[in-house]
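Structure first, commentary second.
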Amino acid sequence: MTIDTTLSALEQSTVAIAIAESPWMFPTLETVHVLALAIVVGSIWMVDARLLGWGSRSRSIREVTATVLPWTWCAFGVALLSGSLMFTSHAVKYFGLWPFKVKMLCMLLAALNMLAFHFVTARDVAAWDHGKPPLAAKGAGAASMLIWVIVVGTGRWIGFL
Amino acid sequence: MIAELCDWLATTPLSQSFQSALWFVPVVQTVHILAIAIVVTLLAMLDLRMLGMTSRGPHPVQMARGFLPWVWRALLVLLVSGVLLTITEPSRELQNALFWVKMLLVIGLVGVTFGCASLISKDTAASDSAPSAAGRVLGAVSLALLVAIVAAGRWIAYV
């Protein structure tokens with residue numbers, strides 16, 4: 001099976017056709033997606049801001065991530081589900097759009113950025129948890145903020161094509 | 001009357017220049033969404049705290065003191081980006097009942113947020129022991145308004 005045949009098959013599924021033909025399912029999925037992505041981006045930005053040294057400096061970085069990241073993961077699950085359902089309704093078209101590809105690539109970059117931060121930069125986090133984060137940590141925070149702006153922008157652009 | 005206002009607004013040089021740039025509406029809407037992210041995240045976190053559904057993190061008073069200035073700044077960004085979008089496509093907004101519903105809901109949210117801020121500053125919204133009844137009501141209403149506003153905003157495109 002090629003990518004094209006897989007996408008076509010997906011588009012022909014009962015769920016996909018129901019969403020494509022319903023007057024209310026897609027807008028509802030969009031609304032859920034917006035609420036979920038708002039929390040994904042808002043919560044990630046909170047951690048990024050802390051890494052950059054803005055706000056809540058009285059709390060350690062590990063404290064901030066421990067309380068904020070559960071929000072991020074829950075919301076990401078909802079965003080992923082709602083996004084996947086919307087995707088199925090016009091799978092072939094969406095997959096071919098460059099904003100869609102950039103959006104998916106950016107989320108992959110965000111994941112890599114997060115992994116690099118967690119496994120490399122933050123290995124000695126106990127040393128700077130309460131103080132000034134090293135340049136690599138600030139870089140990770142800034143990169144993350146920018147990446148998610150691009151995710152939101154390309155995501156919105158898809159809706160215009 | 002609104003129809004005439006929309007017709008006039010759409011022909012102003014400012015509106016025309018915004019309309020002629022294909023990227024303008026998507027970019028301003030993106031800014032609008034990013035500001036929504038800040039408002040929704042910070043208020044939802046405060047609301048769940050006031051509802052007693054979360055207990056970790058800073059004390060509600062500290063949480064509110066840290067969050068609310070950002071909420072007000074983001075609301076200002078929402079207002080400015082919203083005005084720009086309305087100048088660009090006046091009838092899409094001003095001649096849609098759902099837009100006016102959204103505006104009423106936004107006014108409601110601003111009022112509730114003022115109420116939450118006041119309760120929290122008097123430390124009667126939530127303490128480390130138990131959330132107050134008033135705090136729970138405001139928290140629940142705030143959450144409901146956030147969902148309704150986002151829904152109304154999205155459905156403008158479909159109604």
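Chain naming here is simple, since letters A, B, ... match the order of the sequence lines and numbering starts at 1 in each. Just the heavy atoms: all of them, side chains too, but no hydrogens, waters or symmetry mates, feed the values below.
- For B:R73, the CZ atom is densely surrounded, since the number of other residues' heavy atoms within 6.0 Å is greater than 12.
- Note on A:V40 and A:M86: same hydrophobic cluster, where clusters join Ile, Leu, Val, Met, Phe, Trp and Tyr whose side-chain heavy atoms are under 4.5 Å apart, directly or indirectly.
- At a 4.5 Å heavy-atom cutoff, A:P99 makes no contact with chain B through either its backbone or its side chain.
- Both the backbone and the side chain of A:W24 come within contact range of chain B, judged by heavy atoms closer than 4.5 Å.
- Clustering ILVMFWY residues whenever any of their side-chain heavy atoms sit less than 4.5 angstrom apart, transitively, puts B:L22 in a cluster other than the one holding B:L14.
- The cluster map of Ile, Leu, Val, Met, Phe, Trp and Tyr, joined by side-chain heavy atoms under 4.5 Å apart, puts B:V77 and B:L43 in different clusters.
- Using a 4.5 Å cut-off between heavy atoms, B:V31 does not touch chain A at all.
- Most heavy-atom pairs under 4.5 Å with chain B, from the set A:V41, A:L35, A:T67: that is A:L35.
- Note on A:S43, A:G42, A:P27: by heavy-atom pairs under 4.5 Å with chain B, the leading option is A:P27.
- Neither the backbone nor the side chain of B:W70 comes within contact range of chain A; no heavy atom of the residue lies under 4.5 Å from a heavy atom of that chain.
- At most 12 non-hydrogen atoms from other residues, nucleotides or ligands lie less than 6.0 angstrom from CD1 of A:I3.
- For CE of B:M53, the number of neighbouring non-hydrogen atoms (other residues, nucleotides, ligands) closer than 6.0 Å is 12 at most.
- Judged by distance alone, the side chain of B:T41 and the main-chain N or O of A:A38 form a donor-acceptor pair under 3.5 Å.
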Q) Would A:W45 and B:L34 satisfy side-chain contact (heavy atoms from CB on, under 4.5 Å), going step by step from the backbone distance to the final call? A) CA-CA 10 Å; A:W45 272 12; B:L34 291 168; 3.9 Å; yes

For B:F67 and A:M46: C-alpha separation, side-chain torsions, deciding distance, then whether side-chain contact (heavy atoms from CB on, under 4.5 Å) applies.
CA-CA 10 Å; B:F67 286 3; A:M46 281 175 76; 3.6 Å; yes

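- When hydrophobic clusters are built by joining Ile, Leu, Val, Met, Phe, Trp and Tyr residues whose side-chain heavy atoms come closer than 4.5 Å, directly or via intermediates, B:I38 is grouped together with B:L79.
- With rounding to the nearest 0.5 angstrom, the CG atom of B:L42 is 10.5 Å from the CD1 atom of A:I39.
- Hydrophobic clustering (ILVMFWY, side-chain heavy atoms < 4.5 Å, transitive): B:F24 and B:L9 are in one cluster.
- Closest approach of A:R59 to B:P58, counting heavy atoms only: CZ-CD, 3.5 Å.
- The contact between B:L146 and chain A is made entirely by backbone atoms, counting heavy-atom distances below 4.5 Å.
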Discussion item. Would B:Q29 and A:W157 count as a side-chain contact (heavy atoms from CB on, under 4.5 Å) here? Give the steps.
Written reply: CA-CA 10 Å; B:Q29 282 190 354; A:W157 196 276; over 6 Å; no

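- In this structure, the side chain of B:R56 engages the main chain of A:A66 through a donor-acceptor pair within 3.5 Å.
- Contact of the A:E30 side chain with the B:Y158 side chain is registered, since non-hydrogen atoms from C-beta on lie closer than 4.5 Å.
- Residue A:F95 qualifies as open at atom CZ: its count of foreign heavy atoms under 6.0 Å is 12 or below.
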Do B:V40 and A:V34 pass the side-chain contact (heavy atoms from CB on, under 4.5 Å) test, and can you show the C-alpha distance, the side-chain angles, and the key distance before you say yes or no?
CA-CA 10 Å; B:V40 167; A:V34 171; over 6 Å; no

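- Of residues 133-155 of chain A, those residues with a non-hydrogen atom less than 4.5 Å from any non-hydrogen atom of chain B are, in numerical order, A:V149, A:V152, A:G153.
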